[in-house]
Amino acid sequence: LQTSRATVTKSGEELFKMALVGLMDVAIDDVIAATPPSKIPEVKAAGEKQQLLAMAKVDTAKGDNAKLEAFMSAYKKAAE
């Protein structure tokens, strides 16, 4: 029983990460669209770094739904 519960939690966290990356991609695409062409590689690299940092932050909240929801809410607001 414990193993199956851990699997469900892990799957939920992976789905959360996928949704978060989707939100971040939208925000990064909007920033790139407004970026001068010469700066696009720099902005893309910064966006990728931000995604890695966000995933590390999500990993610190494993099993804490309130923290995960707070992260998602913050990124939804940022993407608006």
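Here the structure is a predicted model, which means the values were calculated and not measured.
Residues satisfying the side chain to side chain donor-acceptor pair (under 3.5 Å) criterion with Gln51, sequence neighbours excluded, are Asp25. With sequence neighbours left out, Leu53 forms a side chain to side chain contact (heavy atoms under 4.5 Å, CB included) with Lys49, Gln50. For Lys17, the side chain to side chain contact (heavy atoms under 4.5 Å, CB included) test picks out Glu14, Met55, Val58, Asp59, with sequence neighbours left out.
One distance of note links CG of Leu52 with CE of Met24; it measures 9.0 Å at 0.5 Å rounding.
The heavy-atom pair separating Ala54 from Leu20 by the smallest distance is CB-CD2, 4.3 Å. For the pair Ile40 and Thr35, the tightest heavy-atom approach, listed with the atom from each and the gap, is N-CG2, 3.8 Å.
Of the possible donor and acceptor atoms, none in the side chain of Ser73 sits under 3.5 Å from a partner among the backbone N and O of Glu69.
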